[in-house]
Amino acid sequence: MPPGKKETASGQNYRPPVTAYLGLGSNIGDSHAYLQRAIDLLNAHPDIKVERVSPSLETEPVGYLEQPNFLNGVVQAATSLTPQELLAATQSIENKLGRVRTIRWGPRTIDIDILLYGDLILESTDLIIPHPRMLGRAFVLQPLAMLAPELRIPGCPETVRALAQKFQR
Ligand code: X6L
Ligand code: MG
Ligand code: MG
């Protein structure tokens with residue numbers, strides 16, 4: 001039986017929901033509206049239940065600097081999807097909301113990143129969990145700390161609150 005799958009007393013297989021954290025970012029158009037539409041589309045998926053949403057924070061661009069400020073937020077969701085299925089779902093929502101990939105690290109209507117998937121560590125070619133850039137990024141850690149300050153990232157001894165505090169000034 002694949003990891004995560006369970007068998008019930010009646011012999012049926014099912015996948016117990018996992019708590020996942022998703023990072024949202026937008027810096028084109030009405031970013032508040034894009035974040036909200038992404039949250040609504042995530043929750044409309046039959047196998048994703050949005051449980052909590054962080055405040056949205058305006059953040060300065062990182063990586064590629066000549067672009068507008070971002071609006072960033074984090075969503076806590078319960079999902080019975082596998083990580084790969086969740087990635088397909090988030091990419092489909094990005095496409096639905098007009099995401100076009102031109103400049104690397106450039107402006108986007110919406111970006112949905114899988115930050116955490118339970119306590120899973122996954123390093124496949126197209127999907128790395130925990131998200132490889134999340135530990136050093138205030139635009140991820142600050143909204144995540146507002147949702148789950150006591151959370152620990154797999155492989156990292158500090159709480160999310162402690163990691164986020166390094167960016168307070
Ligand atoms: C050196 C090399 C220093 C690369 C930084 C950092 C690259 C972050 C990409 C980097 C580097 C990224 C957002 C953003 C992006 C966002 C804000 C990325 C991907 N996404 N800035 N920059 N919010 N504020 O969501 O995260 S591009
Ligand atoms: Mg991103
Ligand atoms: Mg992304």
Side-chain angles (χ1 to χ4, degrees), residues 18-45 47-48 50 52-77 79 81-118 120-148 151 153-156 158 160-161 163-169:
V18 171
T19 300
Y21 290 88
L22 307 177
L24 307 184
S26 167
N27 71 341
I28 293 180
D30 186 343
S31 293
H32 275 285
Y34 280 119
L35 258 58
Q36 190 54 55
R37 288 172 67 192
I39 292 162
D40 292 343
L41 287 168
L42 285 165
N43 205 37
H45 191 294
D47 304 308
I48 302 174
V50 172
R52 301 174 68 215
V53 179
S54 78
S56 304
L57 306 178
E58 187 180 340
T59 62
E60 288 180 4
V62 178
Y64 176 77
L65 305 183
E66 300 297 308
Q67 59 179 328
N69 282 355
F70 281 77
L71 198 65
N72 282 113
V74 169
V75 163
Q76 177 187 314
T79 185
L81 299 177
T82 64
Q84 283 296 337
E85 289 168 343
L86 183 58
L87 178 65
T90 58
Q91 288 177 341
S92 154
I93 293 170
E94 288 179 342
N95 293 336
K96 202 171 207 166
L97 295 184
R99 172 96 183 250
V100 179
R101 289 172 189 268
T102 48
I103 306 168
R104 189 181 185 206
W105 304 334
R108 63 286 301 267
T109 55
I110 193 72
D111 174 44
I112 309 174
D113 292 334
I114 302 175
L115 304 174
L116 300 168
Y117 180 95
L120 180 73
I121 295 177
L122 175 71
E123 301 196 11
S124 57
T125 46
D126 61 334
L127 182 59
I128 302 175
I129 301 173
H131 193 283
R133 282 189 291 269
M134 70 179 292
L135 282 177
R137 297 285 164 247
F139 67 76
V140 175
L141 291 172
Q142 286 175 340
L144 181 60
M146 295 164 104
L147 271 192
L151 189 67
I153 296 162
C156 178
E158 297 166 277
V160 164
R161 179 197 281 118
L163 292 169
Q165 260 164 8
K166 296 178 187 174
F167 295 99
Q168 293 302 340
R169 41 163 290 162

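Both counts, for ligands and for their atoms, begin at 1 and track the order of listing. All heavy atoms count here, side chains included; hydrogens, waters and symmetry mates do not. One-based numbering along the sequence shown.
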> For the residue pair Ile48 and Thr79, what are the closest heavy atoms and their distance?
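Shortest heavy-atom separation between Ile48 and Thr79 comes out as CG1-OG1, 3.9 Å.
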> Counting only nitrogen or oxygen atoms and a 3.5 angstrom limit, does Phe70 reach ligand 1?
no
> For residues Gln91 and Asn95, is any side-chain donor paired with an opposing acceptor at under 3.5 Å?
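Side chains of Gln91 and Asn95: no pair found under 3.5 Å.
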> Please identify which of these residues, Asp113, Leu116, Ile129, meets the side chain to side chain contact (heavy atoms under 4.5 Å, CB included) condition with Met134.
Leu116
> Check each heavy atom of Trp105 against ligand 1 and say whether those closer than 4.0 Å belong to the side chain, the backbone, both or neither.
both
> Is there a nitrogen or oxygen of Asn72 sitting under 3.5 Å from a nitrogen or oxygen of ligand 1?
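So ligand 1 has an N or O lying under 3.5 Å from an N or O of Asn72.
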> Quick one: do the Glu60 and Asn69 side chains pair a donor with an acceptor below 3.5 Å?
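Judged by distance alone, the side chains do not pair up.
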> Could you tell me the residue and atom name of the protein heavy atom closest to atom 18 (C) of ligand 1, and the distance to it rounded to 0.1 Å?
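Checked against all protein heavy atoms, atom 18 (C) of ligand 1 sits closest to Arg133 NE, 3.3 Å.
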> For ligand 1, which atoms, with element, lie under 4.0 Å from some heavy atom of Arg108?
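Ligand 1 atoms under the 4.0 Å threshold to Arg108: 20 (N), 27 (S).
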> Just wondering, do Leu163 and Cys156 contact through their side chains at under 4.5 Å, heavy atoms?
yes
> Would you check if Pro130 and Pro154 make a side-chain contact, meaning some heavy-atom pair closer than 4.5 Å?
yes
> Considering heavy atoms of the protein only, find what lies nearest to atom 11 (C) of ligand 1 and give residue, atom and distance to 0.1 Å.
Gly63 CA, 3.6 Å
> Can you check whether a protein heavy atom sits less than 4.0 angstrom from atom 1 (C) of ligand 1?
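So atom 1 (C) of ligand 1 lacks protein heavy-atom neighbours under 4.0 Å.
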> Could you check atom 3 (C) of ligand 1 against the protein and tell me its nearest heavy-atom contact, residue, atom and distance included?
Arg137 NH2, 4.3 Å
> If you define the side chain from C-beta out and look only at heavy atoms, does anything of Thr19 sit under 4.5 Å from Tyr117?
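Result no, sub-4.5 Å side-chain heavy-atom pair not found.
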> I'd like to know if Arg108 and Asp111 make a salt bridge, using a cut-off of under 4.0 Å between side-chain N and carboxylate O.
yes
> With the Mg ion (ligand 2) as the centre, enumerate protein N/O/S atoms below 2.8 Å in chain and residue order.
Asp111 OD2, Asp113 OD2
> Just verifying a value: how many Å separate Ile28 CD1 and Ile110 CD1, rounded to the nearest 0.5 Å?
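Atom-to-atom, Ile28:CD1 and Ile110:CD1 are 10.5 Å apart.
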> Near Pro61, which atoms of ligand 1 are under 4.0 Å from a heavy atom of that residue?
21 (N), 24 (N)
> Please test Gln84 against Asp126 for side-chain hydrogen bond (donor to acceptor under 3.5 Å, both in side chains), starting from the C-alpha separation and ending with a verdict.
CA-CA 9 Å; Gln84 283 296 337; Asp126 61 334; 3.2 Å; yes
> Give the residue, atom name and distance (to 0.1 Å) of the protein heavy atom nearest atom 15 (C) of ligand 1.
Val62 O, 3.7 Å
> At a 4.0 Å threshold, what atoms of ligand 1 neighbour a non-hydrogen atom of Glu60?
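Answer for ligand 1: 17 (C), 21 (N), 24 (N).
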> Find out whether Glu85 and Leu87 are in side-chain contact, i.e. whether some heavy atom of one side chain is under 4.5 Å from a heavy atom of the other.
no
